[in-house]
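Each chain gets a letter, A, B and so on, in the order its sequence line appears, and its residues count up from 1.
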Amino acid sequence: MNSSSSEPSSDFIRTIIAEDLKTGKNNGRVATRFPPEPNGYLHIGHAKSICLNFSIAAENRGGTCNLRFDDTNPGREDVEYVESIMKDVKWLGFDWQDRLFYASDYFEQLYQYAVQLIKKGRAYVCSLSPEQIRQYRGTLTEPGRDSPYRSRSVEENLDLFERMRAGEFADGTHVLRAKIDMSSPNLNMRDPVIYRIMKATHHRTGNKWCIYPMYDFTHCLSDSIERITHSICTLEFEDHRPLYDWFLDELEVKCHPQQIEFARLSLSYTVMSKRMLMELVEHGDVTGWDDPRMPTIAGMRRRGYTPGAIRAFCKRIGVAKRESMVDIALLEHCLREELNRCAPRVMGVLKPLRVIVDNYPEGQVEDLDAINNPEDPAMGARKIPFSRVLYIEQDDFMEEPPKKFYRLAPGREVRLRYAYFIKCVEVIKDEKTGKVVELHCTYDPETRGGDAPDGRKVKATLHWVSAACCLDAEVRLYDRLFLKENPCEEKDGPDFKSFLNPDSLKILKDCRVEPGLKDAKPGSIYQFERLGYFCVDEVDSSSESLVFNRTVTLRDAWANIKKRGS
RNA sequence: UGGGGGAUCGUAUAGGGGCAAUACACCAGACUCUGGAUCUGGAUACCCAGGUUCGAAUCCUGGUCCCCCAGCCA
């Protein structure tokens with residue numbers, strides 16, 4: 001029982017695949033697919049499935065992963081979604097090469113399969129109304145009853161089905177059903193509908209069809225047509241597996257893929273259902289599918305998430321059948337991990353407090369050396385201007401500092417990053433409000449660059465910008481969308497939207513950033529030292545008016561101390 | 001008195017008769033020109049009850065709790 005310890009741990013799906021490879025089940029082939037319905041934008045939950053399917057293909061010699069649009073319901077699908085989905089999958093770093101498919105490509109083939117089923121006496125046209133079909137289906141505890149149309153002859157079924165296709169009947173008047181078992185304890189097996197009449201324009205086939213196949217029929221056959229070996233889907237389809245297998249067995253297809261189910265991703269402090277996301281978009285709770293607060297790939301991209309961080313996250317959460325909710329802190333950790341490595345450092349002041357360095361020569365400007373990324377010397381250095389009037393962060397000064405606050409305070413000395421030690425000598429306050437509006441400080445010319453030749457230490461280093469040279473910027477502070485860990489928890493309680501975080505977005509219009517950011521490219525991500533990672537907004541930012549999105553804060557020990565204190 | 005799944009630190013994932021492991025989160029400390037990063041240490045878990053066994057998270061029996069299914073959605 002002692003297995004070699006060098007083998008990487010793997011999930012139950014990879015274990016199944018490895019076993020199949022060992023037994024030669026699919027002649028050594030591994031073929032997966034990612035099969036989205038183009039009726040919404042992809043979200044982080046889809047990313048889990050995308051990473052799983054494409055990675056499994058990549059891990060196996062000759063493995064492939066298809067992108068297939070499951071577009072069998074023209075009523076709610078749209079090219080806008082197919083385009084966004086392709087963009088997102090590519091952005092995540094995956095390549096379906098020439099294997100882009102649509103279930104609608106198979107409509108003719110699927111129709112022929114349906115005819116075959118009718119000829120075998122395994123499908124019939126049912127002319128019950130939708131309401132009647134529901135009644136005949138029975139309930140969870142009571143068996144269903146056979147439809148009165150169940151015994152139509154093959155000839156009649158063939159004729160009717162052909163005329164359904166020809167458009168002779170109105171929507172809802174007839175359906176094609178599989179003839180299985182109305183008393184099955186599995187409701188999916190109680191003569192499921194496999195074709196319905198829908199006189200709708202399809203985004204790819206136009207008006208060519210007025211009957212459309214249902215998911216259960218389409219999916220297994222599409223998998224089979226594409227010679228998929230492992231059809232990986234989420235848990236709610238477990239009950240559908242017998243039906244998946246039934247169609248493939250009855251139709252005696254050459255390729256019979258194995259359906260394997262895993263638990264979908266739930267993330268704390270957000271929602272993942274397309275319905276809910278759609279509602280947020282349509283109701284204006286967010287600005288769109290790509291709102292940086294959305295768990296959509298488009299939203300996360302705009303927020304400043306990187307594909308690598310998302311992939312690392314999907315790898316770390318693992319794959320299992322247990323339903324679980326992953327802490328969003330893990331996602332943020334993966335993000336920080338990557339950004340810490342690659343984001344250039346820069347200084348920006350979110351809430352400026354004016355500082356006059358009394359003993360610094362008026363009109364003088366010095367260019368000081370700053371390191372672009374202490375984690376990566378290859379990223380080089382830059383010059384930043386220092387002058388007599390500066391801005392520091394309002395939060396970095398307290399007139400009456402508590403014990404653990406070791407930033408600037410009256411009489412106290414701190415370091416300005418890459419610049420000088422300064423000491424606060426005077427506090428100017430607004431007479432009416434008592435608010436601190438300006439600080440007078442002195443600097444020690446000996447500490448140029450940030451070190452004191454006499455070896456004295458300071459407790460804090462502050463970020464700053466030079467008032468004369470800095471750039472104005474707008475900064476959008478994003479926070480989690482919901483206040484509740486699981487907004488959908490209460491079934492009969494308040495609506496998920498009542499848990500929306502009213503402070504999920506705070507807009508700061510009076511921010512200052514260092515001059516080097518003048519031509520920062522849309523989408524590029526910086527670390528604002530001591531604050532967090534910020535990304536130039538791709539939609540609203542320009543070199544005339546810079547807009548930054550806060551991607552994620554830095555870990556903040558002081559914020560923790562403050563929180564615990566209060 | 002329908003069927004299908006699931007249950008291991010706070011969270012997620014390993015371990016499938018022999019020291020319960022890893023990551024995040026948390027706590028403490030070291031270091032630091034970012035209260036960042038890094039490093040060290042720590043606390044915390046096998047749903048319950050029986051049984052088999054020298055030994056059970058793992059095998060057996062019986063419970064409990066949670067999730068999914070009654071679309072002409074996917």
Side-chain angles (χ1 to χ4, degrees), chain A residues 1 9-11 35-37 39 70-73 75-77 126 128-130 133-135 137-144 171-177 183-190 192-198 211-212 214-216 218-219 233-242 261 263 268 274 313 316-334 336-337 340-341 345 347 370-371 374-375 404-407 415-419 421 447 449-451 457-463 485 527-532 553-561:
Chain A
M1 267 298 179
S9 74
S10 82
D11 55 75
E37 184 190 13
N39 69 343
D70 221 330
D71 54 350
T72 56
N73 188 354
R76 51 185 219 182
E77 294 157 6
C126 179
L128 253 21
S129 69
I133 288 184
R134 192 177 321 128
Q135 287 162 355
R137 184 155 34 225
T139 68
L140 293 178
T141 51
E142 299 157 18
D171 288 15
T173 53
H174 307 278
V175 290
L176 185 70
R177 290 227 251 170
S183 64
S184 170
N186 180 347
L187 268 56
N188 295 118
M189 302 300 272
R190 318 242 262 230
V193 172
I194 59 183
Y195 265 92
R196 76 283 214 191
I197 302 172
M198 247 181 165
I211 55 173
Y212 291 92
M214 299 285 289
Y215 165 83
D216 288 302
T218 308
H219 203 88
C233 63
T234 43
L235 250 29
E236 69 272 24
F237 291 104
E238 235 159 359
D239 285 348
H240 294 243
R241 192 174 352 116
E261 310 85 9
S268 58
K274 276 191 200 173
F313 171 74
R316 283 206 204 191
I317 56 177
V319 181
K321 297 197 76 153
R322 175 181 5 169
E323 291 173 49
S324 57
M325 173 161 306
V326 176
D327 191 342
I328 197 165
L330 180 60
L331 215 208
E332 294 174 343
H333 168 81
C334 294
R336 289 191 185 105
E337 194 173 49
N340 177 51
R341 262 197 320 267
R345 269 114 258 217
M347 290 199 282
I371 291 164
E375 303 293 317
K404 296 223 171 149
F405 181 90
Y406 35 86
R407 278 111 97 144
R415 170 169 41 234
L416 293 179
R417 178 130 235 229
Y418 299 125
F421 285 12
T447 58
D451 285 306
K457 301 282 186 204
V458 288
K459 290 275 270 184
T461 301
L462 309 187
H463 61 277
E485 192 169 295
Q527 184 194 105
F528 286 11
E529 293 218 22
R530 303 209 304 135
L531 296 175
T553 61
L554 250 25
R555 284 184 67 232
D556 188 346
W558 168 240
N560 256 352
I561 293 166

Review point. Can you tell which of B:U34, B:G3, B:A74 lies closest to the side chain of A:R530?
Key: B:U34
Point to revise | Rounded C1' spacing from B:A14 to B:U53 in Å | key: 25 Å
Exercise for review: Evaluate the side-chain proximity of A:Q527 to A:R336: yes if any heavy-atom separation is below 4.5 Å, no if none is.
Suggested key: no
Practice item. Sticking with atom C1', work out how far B:U8 lies from B:A74, rounded to a whole angstrom. Key: 33 Å
Exercise for review: Would you state whether a donor and an acceptor, one from the side chain of A:E375 and one from the base of B:G36, lie under 3.5 Å apart?
Suggested key: yes
Check your understanding: Could you spell out the base pairing of RNA chain B in dot-bracket, with Watson-Crick or G-U pairs whose two distances are under 3.5 Å, [ ] crossing and | to another strand?
Key -> .((((((..((((....[..)))).(((((.......)))))....(((((..]....))))))))))).....
Revision key, fill the gap. Rounded to whole Å, the CG-C1' distance (A:L128 to B:C72) equals 12 Å
Review point. Of A:F405 and A:T141, whose closest RNA chain B nucleotide lies nearer the 5' terminus?
Key: A:T141
Revision key, fill the gap. Comparing A:V319 with A:T447, nearest RNA chain B nucleotide closer to 5' gives the residue A:V319
Review point. Below 4.5 Å, heavy atoms only, C-beta onward: do A:Y406 and A:V458 meet side chain to side chain?
Key: no
Point to revise | Rounded C1' spacing from B:U52 to B:G62 in Å | key: 15 Å
Point to revise | Nearest listed nucleotide, side chain of A:L140, among B:C73, B:G36, B:C69 | key: B:C69
Exercise for review: Indicate whether OP1 or OP2 belonging to B:A74 is found under 4.0 Å from a side-chain N or O atom of A:T218.
Suggested key: no
Review point. Would one find a side-chain N or O of A:R322 under 4.0 angstrom from OP1 or OP2 of B:G5?
Key: no
Practice item. Calculate the interatomic distance between A:D216 atom CG and B:A74 atom C1'; express it in whole Å. Key: 9 Å
Practice item. Report the nucleotide, chosen from B:A12, B:U34, B:C73, that has the shortest atom-to-atom distance to any side-chain atom of A:Q527. Key: B:U34
Review point. Distance check: side-chain N/O of A:R407 vs OP1/OP2 of B:G35, anything under 4.0 Å?
Key: no
Check your understanding: Is A:N186 side chain donor-acceptor paired with the B:G4 base, going by distance under 3.5 Å alone?
Key -> no
**Study point:** Sub-4.5 Å side-chain heavy-atom contact between A:H219 and A:F237
**Key:** no
Study note, to complete from the structure: Picking from B:A74, B:C67, B:C72, the nucleotide nearest the side-chain atoms of A:E323 would be B:C67
Practice item. For A:Y418, answer base if it contacts any base atom (sugar-phosphate contacts may also be present), sugar-phosphate if it contacts only those atoms, and nothing otherwise; contact means non-hydrogen atoms under 4.0 Å. Key: base
Would you tabulate the pairs of protein nitrogen or oxygen atoms and nucleotide nitrogen or oxygen atoms of nucleotides 20-30 of chain B closer than 3.5 angstrom?
{"residue": "B:A23", "atom": "O2'", "partner": "A:R316", "partner atom": "NH1", "Å": "2.8"}

Exercise for review: Kindly indicate whether the side chain of A:I211, heavy atoms from C-beta on, has any atom under 4.5 Å from the side chain of A:L176.
Suggested key: no
Exercise for review: Could you measure between the two P atoms, the one in B:C46 and the one in B:A21, and give it in whole Å?
Suggested key: 13 Å
Point to revise | Among B:U34, B:C72, B:A74, the nucleotide that comes nearest once only the side chain of A:P374 is considered | key: B:U34
Practice item. Would you indicate which nucleotide in B:A74, B:C72, B:U13 comes nearest to any side-chain atom of A:V193? Key: B:C72
Review point. Given the P atoms of B:U40 and B:C48, what is the spacing between them in whole Å?
Key: 34 Å
Check your understanding: Can you check whether A:Y195 reaches A:H174 side chain to side chain, under 4.5 Å on heavy atoms?
Key -> no
Point to revise | Gap in Å between the two C1' atoms, one belonging to B:C66 and one to B:A28, rounded | key: 37 Å
Check your understanding: Given the P atoms of B:A20 and B:G3, what is the spacing between them in whole Å?
Key -> 39 Å
Point to revise | Side chain to side chain, A:R196 and A:N73, heavy atoms closer than 4.5 Å | key: yes
